[in-house]
Amino acid sequence: MRHFLLRFLFLALCFCTTATLLHAQVPDTSHRPTSVDPTLQNIEEGRPKPYTIRTIHVTGIRTLDTSIILSISGLQVGQQIMIPGSDVFAKAIQNLWRQRFFSNVQIYITSLEGDVIDLELALQERPRLGNFSFVGVKKTEADDLKDKVGLVRSTIITENTRRIALDVIRKYFAAKGYQYVKVRIEERPDPALVNSNILTFIVDKGQKVKVNSVNFYGNEAASDLRLKKEMKGTKEMGKLTLHPQEAPGKFGSNEKITFSEYLKDWGFLSPSKTKAVLDPYIRLKLFGNAKFDEKKYHEDLEKVLDYYNALGYRDARIVDTALTRLPNGSVNVEIKVDEGRRYYFGNITFRGNTKYSDSILQSVLRIGKGDVYNLGLLNKRVGKELSADGGDISALYMDDGYLFFRAEPVETSIYNDTIDHEIRIVEGPQATIKNVNIYGNDKTKDYVIRRELRTVPGEKFSRSDLIRSQRELAQLQFFNQEKINPGVVPDQSDGTVDINWNLEEKSSDQLELSAGWGGGVGLTGTLGVTFNNFSIRNILKKSTWDPLPSGDGQKLSIRVQSNGAAYRSYNFSFTEPWLGGKKRNPFTISFYNSKFANLYSSAGFYDKTLASQQYLRTIGVGVSLGKQLKWPDDYFSLLYSINYTQYKLKNYAFSGFGFNNGTANNISFKLALQRSSVFDPQYPTGGSNMVASVQFTPPYSLFDKSIITSGNPYKNPEYHKWRFTSEWFVPIGRPGGAEKNRQLVLKVAAKYGFMGRYTNKLDFSPFERFQLGGDGLTNSYGILGYDVVSLRGYPVFDKPDPSVNPDLSQAGSYFTIFNKYQLELRYPLVRNQSSTIYGLTFFDAANGWNNFKEYNPFRLRRSVGVGMRFFLPMFGMLGFDYGVGLDRLNPADRSIKNASRFTFMLGFEPE
């Protein structure tokens with residue numbers, strides 16, 4: 001009977017569709033009907049006849065709901081079906097199979113009474129995932145894989161689930177250099193859960209595959225070394241050996257130059273030829289990662305072709321590649337290229353341009369007949385590849401409102417090695433800015449953002465204004481720079497454009513906190529807070545305190561510092577960046593109060609009770625007002641400031657001045673002209689910053705001659721002080737690493753300072769001089785208003801002659817003239833919203849002089865070193881430098897230990 005039932009089932013469903021049954025697995029004998037009516041023997045005989053479903057019995061279900069299964073199948077009690085001839089059973093099987101809940105689906109007719117039948121749905125559920133684990137991997141790797149494989153407990157285990165998990169594991173380890181990883185799955189029932197299995201992924205990582213060498217074949221126009229530079233994701237291993245590993249390559253020998261040819265061609269005069277000859281024996285790779293990454297490898301092959309295209313070889317192609325495994329597990333990468341012939345630009349004509357003449361467009365294009373063919377350069381100059389720096393034809397049009405401008409370079413003829421082009425231009429109408437919308441600013445007020453924007457409704461669209469607005473918003477430091485997105489929505493029907501600024505707020509406030517306890521000194525520490533998006537007008541509104549009123553773009557800074565009884569200071573400043581709200585006129589008021597006590601008696605003993613008997617107290621207040629200029633360009637600004645400082649001395653001697661007791665009142669005026677095109681103060685990748693300033697006091701001695709002969713000529717100190725600072729940030733090469741903002745940057749800086757006096761009958765003012773050396777932080781003489789100029793690798797010094805041991809610094813006059821030069825090479829390690837971290841190497845040279853007779857700009861103290869910078873939103877700048885003072889090296893032993901210093905900084909970059 002059972003054999004007959006199976007035969008009947010097969011014949012009946014064949015009338016519906018045989019294709020559907022092909023999806024089902026071999027029937028499970030555990031799900032068979034419990035009883036069969038004898039009349040079923042004749043059901044397949046005769047003509048098709050309608051039957052009514054009386055009952056439907058579902059078997060084999062352990063976790064799923066029966067009513068849901070019936071709903072999915074589409075079968076219902078009371079439903080009429082035609083047997084044979086209906087496809088109802090086939091559709092039911094297909095519907096259930098599509099859910100991927102089952103490993104087997106079968107339908108049986110278990111009873112027949114007249115035109116009424118009973119059905120059984122015999123199902124076999126797929127197991128669910130109880131748990132999973134990894135064997136053969138490290139704990140950290142297992143933790144990473146748990147997040148990546150996407151497995152969730154209690155979900156159905158399917159073949160697709162297993163396949164995806166295996167692919168993820170293989171790709172994960174391939175990215176780590178394990179190219180030959182093997183993975184298998186062990187599956188066993190989970191005793192703790194019904195119909196659940198435990199998956200164990202057994203991983204055999206094998207040996208990590210590293211790149212021994214990259215060999216090119218067929219290249220004549222470009223050397224191996226130059227092509228390897230383009231393969232930034234496929235680096236070779238470092239080596240130092242007399243017997244390099246050799247393996248026969250797929251494409252033959254890769255020997256480009258023999259040693260005899262190297263000597264014959266005077267190759268030792270060429271660094272590239274010397275490196276090529278030494279490469280099999282000596283290859284220094286101190287920081288390179290030589291693991292083989294297949295994804296990056298294929299990306300690098302495209303970069304090789306891009307490089308060839310830039311050289312004019314437009315037909316260059318990769319003929320074949322191979323990986324040759326070496327006995328030590330590393331591989332040789334073999335790349336065979338076909339360079340083809342070199343092409344040149346021919347005639348370049350323009351069509352469709354009415355706004356600008358051909359001569360103007362040609363001057364912007366800067367590509368002439370006979371130049372080496374470079375499609376990438378042509379697209380860049382035309383503007384198909386947008387650049388923030390502009391200088392292309394597209395920028396020329398878009399800066400004048402032609403948002404709908406299009407330019408397409410088309411090859412018109414190719415003859416011999418020359419290619420003619422026609423640049424087809426569609427100028428379109430000028431676009432007017434219609435709406436400017438701002439989204440994402442939960443804290444910062446709209447008007448604070450709008451005043452920084454150069455995209456104003458009613459004005460013509462300008463790409464340069466759009467880019468400048470983006471940079472101005474980034475400079476506020478209120479928003480995540482990576483998420484500042486000017487969504488441009490053009491409407492060609494009416495010639496307008498909407499600009500939707502999408503922003504993401506970030507914390508810009510900073511906290512400085514340190515504390516300690518010293519025996520005999522007492523409590524020491526610093527507490528400082530800076531609110532960079534403050535709102536002073538809401539300070540009396542309790543509802544705006546969250547935790548402080550904010551959103552108006554103002555800056556409030558408070559700092560308290562104490563070193564027990566020896567030193568304490570209070571600092572306060574407030575800045576309104578747009579005084580009046582219409583122009584960028586920053587207004588700042590500041591107040592400071594500090595006291596430095598000499599706690600050592602004449603006998604040299606430490607005594608805290610001397611704090612009220614021997615001290616220098618400083619009280620100061622300053623007011624400044626800036627103004628943005630429009631000429632020569634709007635990067636210029638002018639700053640006016642007035643400062644008053646009172647110095648009160650009590651039994652506090654200054655070496656060389658004879659000024660121990662009394663009060664000095666320093667009133668000075670300052671005028672500064674600045675041009676700054678630096679938009680990212682944390683890690684500038686371009687632009688410059690130049691400042692020229694003069695600070696002066698009234699010439700008291702010209703009005704009152706008695707000051708010269710008075711007992712205290714410094715009661716009202718007089719001087720004029722001139723400063724000039726120039727900083728340039730030069731990007732080097734192209735951005736590297738996985739992120740586009742990994743840009744190597746060279747900082748070049750020069751600084752000069754000079755203090756003058758109104759009459760030579762008075763000595764130079766003891767205040768406002770220049771202090772050189774040390775970490776650039778305010779030392780004991782910074783309290784006198786000195787301009788503190790750091791020199792990494794040196795302690796504070798006051799003697800201009802480099803031959804004098806700078807460690808024998810003595811308190812005294814300090815300098816009235818100084819020069820400082822700086823080279824700094826920076827590379828970012830992390831650049832994102834939460835932090836900016838970069839490493840640097842530096843070369844500093846500086847010195848100071850007391851007068852022009854001593855001045856020698858070529859006698860400088862030099863230092864070299866390395867450092868790190870950490871910019872954290874909450875704490876500002878943290879950093880350290882390790883510098884070696886080259887002029888501190890003892891000629892006898894040349895010990896670096898005695899000539900080096902660590903420099904730490906917190907909150908700001910020293911000058």
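Atoms considered below: every heavy atom in the structure, side chains included; atoms not considered: hydrogens, waters and symmetry mates.
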Enumerate the residue pairs fulfilling salt bridge (charged side-chain N to carboxylate O under 4.0 Å, His left out) with a member in residues 713-727, sequence neighbours excluded, ordered by first and then second residue. K721-E768, K721-D787, R723-D787, R723-E911, E727-K747
Should the ring pair F902 and Y882 be called parallel, tilted or perpendicular, given that the plane angle runs from 0 to 90° and is split at 30 and 60? tilted
To the nearest 0.5 Å, what is the distance between CG (L616) and NZ (K595)? 10.5 Å
Under a 4.5 Å cut-off applied to non-hydrogen side-chain atoms, are V748 and L823 in contact? yes
Hey, is the main chain of L762 close enough, under 3.5 Å, to the side chain of R757 for a donor-acceptor pair? yes
Hey, could you give me each pair passing salt bridge (charged side-chain N to carboxylate O under 4.0 Å, His left out) that has a residue in residues 554-566? Not counting sequence neighbours. E512-R559
Aromatic ring centroids of F591 and F572 under 6.0 Å? no
Closest heavy-atom contact between G839 and M868? CA-SD, 3.6 Å
Can you pull the salt bridge (charged side-chain N to carboxylate O under 4.0 Å, His left out) pairs that have at least one residue in residues 660-679, sequence neighbours excluded? D633-R675
Determine yes or no for a side-chain-to-main-chain donor-acceptor pair under 3.5 angstrom, with Q822 supplying the side chain and F843 the backbone. no
Walk me through it: do Q628 and S637 pass the test side-chain hydrogen bond (donor to acceptor under 3.5 Å, both in side chains)? CA-CA 4 Å; Q628 186 176 16; S637 61; over 6 Å; no
Out of curiosity, Y683 OH to Y838 OH, how far, rounded to the nearest 0.5 Å? 8.0 Å
Ionic contact status for R861 with D887, cut-off 4.0 Å: no
Expected output: side-chain R888 to main-chain V884 donor-acceptor under 3.5 Å: no
Closest non-hydrogen atom pair between V866 and T841, with its separation: CG1-CG2, 3.9 Å
Residue pair F764 / M755: nearest heavy atoms and the distance that separates them: CE2-O, 3.5 Å
Salt-bridged, E452 to R471, with N to O below 4.0 Å? no
Are any side-chain N or O atoms of K820 and backbone N or O atoms of S790, one a donor and one an acceptor, separated by less than 3.5 Å? yes
Roughly how far apart are T685 OG1 and L744 CG, rounded to 0.5 Å? 11.5 Å
Could you tell me which non-hydrogen atom of S863 sits nearest to which non-hydrogen atom of Y794, and how far apart they are? CB-CE1, 3.9 Å
Could you walk me through whether F478 and N532 pass the side chain to side chain contact (heavy atoms under 4.5 Å, CB included) test, one step at a time? CA-CA 8 Å; F478 300 160; N532 288 306; 4.2 Å; yes
Taking the side chain as C-beta and beyond, is there a heavy-atom pair between N533 and L476 under 4.5 Å? no
Any side-chain heavy atom of F842 sitting closer than 4.5 Å to one from R792? yes
Just wondering, do L579 and L625 contact through their side chains at under 4.5 Å, heavy atoms? yes
So, the side chain of T697 versus the backbone of Y719: is there a donor-acceptor pair under 3.5 Å, distance only? yes
Option passing ring-ring contact (aromatic ring centres under 6.0 Å, His included) with F818 (candidates F770, Y752, W722): F770
Using the side chain to side chain contact (heavy atoms under 4.5 Å, CB included) rule, take T816 and W849 through it: C-alpha gap first, then chi angles, then the decisive distance, then the call. CA-CA 6 Å; T816 60; W849 300 267; over 6 Å; no
Pairwise distance OG(S624) to OH(Y640) - rounded to 0.5 angstrom: 12.5 Å
Start with the C-alpha distance between N689 and Q674, add both sets of side-chain angles, then the distance that settles side-chain hydrogen bond (donor to acceptor under 3.5 Å, both in side chains), and finish with yes or no. CA-CA 7 Å; N689 181 41; Q674 179 176 6; 2.9 Å; yes
Side-chain heavy atoms of R826 within contact of Q743, under 4.5 Å: no
Quick check for you: to the nearest 0.5 Å, what is the distance between L791 atom CG and L860 atom CG? 9.5 Å
Point-to-point distance, once rounded to the nearest 0.5 Å, from CG of D634 to CZ of R584: 8.5 Å
Check: P766 main-chain N/O paired with Y786 side-chain donor or acceptor under 3.5 Å: yes
Decide, yes or no, whether a salt bridge links D881 with R869 under the criterion of side-chain N to carboxylate O below 4.0 Å. yes
With no hydrogens and no angle check, is any side-chain donor or acceptor of S677 less than 3.5 Å from a backbone partner on S688? yes
Donor-acceptor contact present, side-chain Q695 to main-chain A672, <3.5 Å: no
Can a side-chain donor-acceptor contact be found between T575 and T588 if the only test is distance below 3.5 angstrom? yes
Do the non-hydrogen side-chain atoms of Y827 and L840 ever get within less than 4.5 Å of each other? no
Output yes when a side-chain donor or acceptor of N593 lies under 3.5 Å from a complementary backbone atom of Y570, and no otherwise. no
Less than 3.5 Å apart, any donor N or O on the side chain of S668 or Y644 sitting next to an acceptor on the other? no
Using modelled atom types only, decide if a donor and an acceptor are shared between the side chain of S594 and the backbone of R568 within a distance under 3.5 Å. no
To check you understand the geometry: which heavy-atom pair defines the closest contact between P577 and Q554, and what is its length? CD-CA, 4.1 Å
I837 versus F871: any side-chain heavy-atom pair under 4.5 Å? no
Do the ring planes of F852 and F754 sit parallel (below 30°), tilted (30 to 60°) or perpendicular (above 60°)? tilted
Using the side chain to side chain contact (heavy atoms under 4.5 Å, CB included) rule, take N643 and I667 through it: C-alpha gap first, then chi angles, then the decisive distance, then the call. CA-CA 6 Å; N643 296 276; I667 301 176; over 6 Å; no
Distance-only side-chain donor-acceptor flag, Y855 / N847, under 3.5 Å: no
Can you give me the closest heavy-atom contact between A692 and F724, atom names plus distance? CB-CD1, 4.1 Å
Would you please indicate yes or no on a ring centroid separation below 6.0 angstrom for F767 and Y647? yes
Below 4.5 Å, heavy atoms only, C-beta onward: do V529 and F531 meet side chain to side chain? yes
Is any NZ, NE, NH1 or NH2 atom of the basic residue among R859 and E854 found under 4.0 Å from an Asp or Glu carboxylate oxygen of the other? no
Take T645 and Y592 through the test side chain to side chain contact (heavy atoms under 4.5 Å, CB included) and record every step on the way to the result. CA-CA 9 Å; T645 306; Y592 53 92; 2.7 Å; yes
